[in-house]
Enquirer: 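Just dropping this structure here.
Computed over heavy atoms, backbone and side chain alike; hydrogens, waters and symmetry mates excluded. Predicted, not measured: the structure shown is a model, and the values here were computed from it. Just so it is clear: chains get the letters A, B, ... in the order the sequence lines come, proteins before strands, and each one is counted from 1.
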Number of protein chains: 2
Amino acid sequence: MSPTILVVEDEPEIRHFLRSSLGAEGYRVVESPNGRRGEVDAGMHKPDLAIVDLGLPDFDGIQVIRHIREWSTMPIIVLSARIQERSKIDALDSGADDYITKPFGVGELLARVRVALRHAAQPPAGKELSFGEVQINFEARRATRDGEEIHFTAIEFRLLACLAKHLGMVVTHRQLLQEVWGPTHAQDTHYLRVYMKQLRDKLEPDPVRPRYLLTETGVGYRLVADD
Amino acid sequence: MSPTILVVEDEPEIRHFLRSSLGAEGYRVVESPNGRRGEVDAGMHKPDLAIVDLGLPDFDGIQVIRHIREWSTMPIIVLSARIQERSKIDALDSGADDYITKPFGVGELLARVRVALRHAAQPPAGKELSFGEVQINFEARRATRDGEEIHFTAIEFRLLACLAKHLGMVVTHRQLLQEVWGPTHAQDTHYLRVYMKQLRDKLEPDPVRPRYLLTETGVGYRLVADD
DNA sequence: CGCGCGCATTAAGAACCCGTAAAAAAATCG
DNA sequence: CGATTTTTTTACGGGTTCTTAATGCGCGCG
């Protein structure tokens with residue numbers, strides 16, 4: 001079943017451009033001409049991805065994003081004019097996942113859409129993952145270390161799964177918080193500090209000098225398997 | 001099919017010089033003697049690249065750039081006399097991608113044109129970039145040098161990403177500052193000096209004599225990969 | 001030649017972020 | 001219902017990163 005994409009855009013020209021570009025790729029497209037309709041359509045159609053213009057006539061696209069983020073983690077891509085630098089950043093902070101600056105080409109649009117959908121849809125990449133003496137089976141939700149079973153709490157495991165899904169890549173604080181605690185806790189970074197410590201105590205040979213579960217100061221964390 | 005290049009230039013001498021230099025390389029050339037015609041021709045011919053003189057008789061070349069940028073992402077190269085320092089920067093901030101200062105040689109012209117066309121042809125989804133012994137993976141937010149991992153702080157990486165997004169072309173101080181520090185710091189150019197030094201220390205084989213991360217005095221910086 | 005401008009370079013204090021521990025609150029389970 | 005586990009809060013010390021200011025250099029210009 002092809003993914004559904006919600007397009008919230010007031011200018012008919014751009015909206016039709018989006019519809020035909022995305023439609024040609026096989027996506028199903030739902031169009032909303034303003035913010036109010038956008039929110040309703042988001043709730044009704046439960047799309048796999050939303051593309052939201054920041055310069056909407058009735059109310060700010062950021063409002064739409066905030067409201068959607070209250071109940072959904074669907075990927076949101078923001079459209080912004082070159083002038084709206086500031087609100088672009090606000091949008092990302094409000095929970096948008098990516099942005100495209102107008103004017104933009106079909107190639108760029110489709111590339112961003114693919115990335116966003118891939119990130120959202122992916123089940124924990126492989127079913128197995130191992131590093132050092134640790135082995136994790138995501139399907140069975142179990143892990144062993146030196147053959148001994150390790151126990152994870154629900155949150156610990158979700159956090160680990162989220163990191164493993166993006167193995168080797170940095171996962172931002174916001175992504176982790178959003179994925180594990182939901183959109184309402186996207187700024188409670190102290191949760192991460194506590195749980196990273198617990199994961200390290202369970203996974204790392206020397207928890208004080210992490211080798212697999214690495215910190216990216218000011219950005220997020222990342223999990224790396226051995227070389 | 002050879003790329004089409006639009007030349008918006010009032011002085012016949014320079015216009016003919018451009019036509020023959022570009023024509024000899026196999027490009028198709030469309031000439032416009034003033035700004036008004038330039039805009040029309042841009043819409044009609046949909047060229048792959050526009051070269052716009054800043055000192056046009058009817059109205060400012062910056063107007064032309066702004067108007068084109070409302071509907072197109074085609075690369076735009078600006079021609080400026082040495083006196084027009086200020087408007088050169090305005091042009092870049094308005095969406096031009098690169099500039100050439102008059103007088104200029106064929107070699108410089110063709111090099112800039114090649115870079116701009118190559119840049120346009122590649123979807124910005126490009127996740128990888130390499131120059132010298134350095135390799136950067138933007139998706140994973142990682143970089144290596146001679147196989148060794150290099151560590152970047154949050155700001156360093158954002159700066160590098162911004163430069164890489166416009167590989168081979170100039171990025172103005174203002175653009176960099178806005179993208180990395182936000183609009184409130186658009187004039188704090190001293191930040192750039194400090195961080196450029198750090199990037200060079202991490203990326204350049206000989207940081208004192210930069211080969212990739214180049215200074216454009218009075219304008220901004222430019223990242224070039226080796227050819 | 002001396003001056004001013006913009007850039008490179010350095011260093012130090014401020015601000016911020018992270019790891020850590022431990023207690024309080026909530027949820028789970030027998 | 002009480003015990004145990006899990007989650008949420010809070011606090012603080014140490015370390016990293018960011019900001020700021022001072023200095024030196026090279027170049028163009030008067």
Enquirer: Ignoring hydrogens and angles, state whether a donor on the side chain of B:Thr215 or B:Arg193 is under 3.5 Å from an acceptor on the partner side chain.
Expert: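 Checked: B:Thr215/B:Arg193 side chains show no N/O donor-acceptor pair below 3.5 Å.
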Enquirer: Yes or no on side chain to side chain contact (heavy atoms under 4.5 Å, CB included) for A:Val8 and A:Arg36, after CA distance, side-chain angles and deciding distance?
Expert: CA-CA 9 Å; A:Val8 188; A:Arg36 182 176 310 282; over 6 Å; no
Enquirer: Indicate the atoms forming the closest heavy-atom contact of A:Ala186 with A:Arg174, along with that distance.
Expert: O-CG, 3.7 Å
Enquirer: Looking at C:dG6, I'd like to know if its phosphate oxygens (OP1 or OP2) sit under 4.0 Å from a side-chain N or O belonging to B:Tyr221.
Expert: no
Enquirer: Within 45 degrees of the axis of the six-membered ring of A:Phe157 and under 6.0 Å from its centre: does A:Arg141 put its NZ or CZ there?
Expert: yes
Enquirer: Using a heavy-atom cut-off of under 4.0 Å over every strand shown, decide if A:His185 touches base, sugar-phosphate, or nothing.
Expert: nothing
Enquirer: Between protein and nucleotides 22-30 of chain D, map the contacts as a letter string: B base, S sugar-phosphate only, - none, heavy atoms under 4.0 Å, written 5' to 3'.
Expert: ---------
Enquirer: Output yes when A:Lys46 and A:Asp41 qualify as a salt bridge under the 4.0 Å nitrogen-oxygen rule, no when they do not.
Expert: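 Salt bridge flag = no for A:Asp41 with A:Lys46.
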Enquirer: Please assess A:Ile77 against A:Leu49 for the test side chain to side chain contact (heavy atoms under 4.5 Å, CB included), listing each intermediate value before the final yes or no.
Expert: CA-CA 8 Å; A:Ile77 297 178; A:Leu49 165 74; 4.0 Å; yes
Enquirer: At 4.0 Å (heavy atoms only), tell me whether A:Phe152 reaches a base, stays on the sugar-phosphate, or touches nothing.
Expert: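 No contact.
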Enquirer: Looking at B:Arg211 and B:Glu204, is any side-chain nitrogen of the basic one under 4.0 Å from a carboxylate oxygen of the acidic one?
Expert: no
Enquirer: From CD of B:Glu156 over to C1' of D:dT17, roughly how many Å is that when rounded to an integer?
Expert: 9 Å
Enquirer: May I ask you to verify if any side-chain N or O of A:Thr153 is less than 4.0 angstrom from the OP1 or OP2 atom of D:dT7?
Expert: yes
Enquirer: Nearest-Å distance, CG (B:Leu177) to P (D:dT20)?
Expert: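 After rounding, the reported distance stands at 12 Å.
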Enquirer: Measure CD1/B:Ile155 against C1'/D:dT16 and give the value in whole Å, please.
Expert: 13 Å
Enquirer: Could you tell me whether the phosphate oxygens of D:dT7, OP1 or OP2, come under 4.0 Å of any side-chain nitrogen or oxygen in A:Trp181?
Expert: no
Enquirer: Take atom CD of A:Glu216 and atom C1' of C:dC16, then tell me their distance rounded to the nearest Å.
Expert: 17 Å
Enquirer: Using a strict threshold of under 4.0 Å (side-chain N to carboxylate O), is an ion pair present between A:Arg222 and A:Glu216?
Expert: yes
Enquirer: Quick check for you: among C:dC7, D:dT16, D:dT7, whose closest atom lies nearest to any side-chain atom of A:Thr217?
Expert: D:dT16
Enquirer: Whether A:Lys102 and A:Glu108 form a salt bridge (side-chain N of Lys/Arg under 4.0 Å from carboxylate O of Asp/Glu) is what I want to check.
Expert: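 Salt bridge between A:Glu108 and A:Lys102, a charged N being under 4.0 Å from a carboxylate O: no.
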Enquirer: By a strict heavy-atom criterion of less than 4.0 Å, which residues belonging to residues 188-213 of chain B are in contact with DNA chain D?
Expert: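 Nucleic-acid contacts, sorted: B:His190, B:Tyr191, B:Val194, B:Tyr195.
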Enquirer: Measuring from the side chain of A:His151 (C-beta onward, heavy atoms only), which nucleotide among D:dT6, D:dT17, C:dG6 has the closest atom?
Expert: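 Selected nucleotide: D:dT6.
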Enquirer: How many Å lie between CG on A:Leu159 and P on D:dT6, as a whole number?
Expert: 15 Å
